[in-house]
Each structure stands twice: as C-alpha cells, then as structure tokens.
Amino acid sequence: MNAYAPILVLGALGAGFAIFSVVMATLIGPKRYNRAKLEAYECGIEPTPTPAGGGRFPIKYYLTAMLFIVFDIEVVFLYPWAVTFDALGIFGLVEMLLFVLTVFVAYAYVWRRGGLEWD
C-alpha cells in the first residue's frame with residue numbers, strides 16, 4: 001500500500017484543486033450576463049433552431065469519430081510497448097511491427113475509400 005500512497009495523494013491534490021477552482025470561480029467570478037452570453041455557442045455562427053426530434057447528423061460525422069477512436073487506441077497501445085521495449089526484445093519489435101502494419105492497412109483502406117475527405 002505504501003507504493004500507491006504518492007499516487008493517491010497526487011490524485012487527491014488534483015481533485016481538490018479542481019473543486020477549489022470551480023467553487024472559487026463561481027463565488028468570486030464576474031456575473032455580467034447578457035443575451036449573447038446565454039446563447040448556445042456554435043463557433044461564432046448564429047445558432048440554428050433544431051427540429052423537435054433532434055436533428056439528423058450525416059453518417060460522415062460518426063465515421064470520422066470512429067476513425068479517431070481507432071487511431072487513438074493505437075497510440076494508447078504504443079506507450080506501454082515503448083516503456084518495456086528493452087525487456088520485450090526482438091519478439092516485442094516484431095509484434096509491434098505487425099500491429100502497426102495492420103493499422104497502416106486500415107488507414108490506407110480508409111484513405112482510398114475517401115473516409116478522410118471532409119465534404
């Protein structure tokens with residue numbers, strides 16, 4: 001348990017600082033509300049009314065989100081491999097090359113099918 005104590009203390013300090021910052025900003029921050037600040041923010045564009053059932057998003061939006069998640073997960077797998085690279089030896093190198101090759105094939109497929117084109 002002593003090995004995890006610094007991690008728990010750091011987590012508690014981080015959470016405490018976050019809560020303290022939010023509470024203090026609410027208490028002592030400026031409160032000058034106007035109509036523009038209460039509007040929904042859409043990148044500087046005037047908000048458009050949405051239909052009663054929500055609105056339909058193009059499938060391209062979801063495909064882009066899934067591609068981001070897939071390539072983000074690839075990076076998550078690269079970190080532990082980089083940390084233990086010396087201990088894994090040639091086996092780890094070959095396995096990571098196969099993993100990167102698989103992801104590269106998926107990337108080439110998506111690129112060729114036009115999944116990275118934003119219309």
Side-chain angles (χ1 to χ4, degrees):
M1 188 64 181
N2 288 338
Y4 295 110
I7 296 171
L8 293 174
V9 169
L10 184 63
L13 282 172
F17 178 74
I19 292 170
F20 174 77
S21 297
V22 170
V23 168
M24 291 308 290
T26 304
L27 292 177
I28 64 173
K31 294 170 182 57
R32 292 177 293 231
Y33 299 110
N34 58 27
R35 184 173 175 219
K37 283 190 178 185
L38 296 175
E39 288 282 331
Y41 181 70
E42 293 186 14
C43 302
I45 301 172
E46 286 293 324
T48 57
T50 56
R56 297 187 67 177
F57 287 100
I59 191 70
K60 196 78 158 175
Y61 173 79
Y62 297 106
L63 291 176
T64 304
M66 288 190 317
L67 286 174
F68 173 77
I69 290 170
V70 166
F71 291 115
D72 195 40
I73 289 173
E74 174 194 6
V75 172
V76 168
F77 281 124
L78 285 174
Y79 277 114
W81 172 78
V83 169
T84 61
F85 177 73
D86 289 336
L88 294 174
I90 193 73
F91 173 75
L93 180 64
V94 170
E95 289 296 319
M96 189 49 68
L97 284 176
L98 289 174
F99 176 71
V100 170
L101 180 68
T102 304
V103 171
F104 180 72
V105 167
Y107 176 71
Y109 173 77
V110 168
W111 189 359
R112 180 142 180 141
R113 296 284 298 198
L116 301 175
E117 304 284 330
W118 194 262
D119 298 329

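Index from 1, following the sequence.
- Summarising the geometry, atom CG belonging to L98 is positioned 9.5 Å from atom CG belonging to L93; distances are rounded to the nearest 0.5 Å.
- Once rounded to the nearest 0.5 Å, the distance linking NZ of K31 with OG1 of T26 reads 7.0 Å.
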side-chain contact (heavy atoms from CB on, under 4.5 Å) assessment of E95 paired with F91:
CA-CA 6 Å; E95 289 296 319; F91 173 75; 3.6 Å; yes

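- A continuous path of ILVMFWY side-chain contacts below 4.5 Å connects L27 to I19, so both sit in one hydrophobic cluster.
- Taking hydrophobic clusters as Ile, Leu, Val, Met, Phe, Trp and Tyr residues chained together by side-chain heavy-atom distances below 4.5 Å, F20 shares a cluster with I28.
- Considering only heavy atoms from C-beta on, F99 comes within 4.5 Å of M96 through its side chain.
- In the hydrophobic clustering of ILVMFWY residues, with side-chain heavy atoms under 4.5 Å counting as a link, L101 and F71 come out apart.
- For W111, the side chain to side chain contact (heavy atoms under 4.5 Å, CB included) partners two or more places apart in sequence, or in a different chain, are Y107, L116.
- Cluster membership check: L97 shares its hydrophobic cluster with F85, using side-chain heavy-atom separations under 4.5 Å among Ile, Leu, Val, Met, Phe, Trp and Tyr.
- Atom CD1 of I73 sits about 7.0 Å away from atom CZ of F77, to the nearest 0.5 Å.
- Cluster annotation: V100 and I90 are assigned to the same hydrophobic cluster (Ile/Leu/Val/Met/Phe/Trp/Tyr, side-chain heavy-atom contacts under 4.5 Å, transitive).
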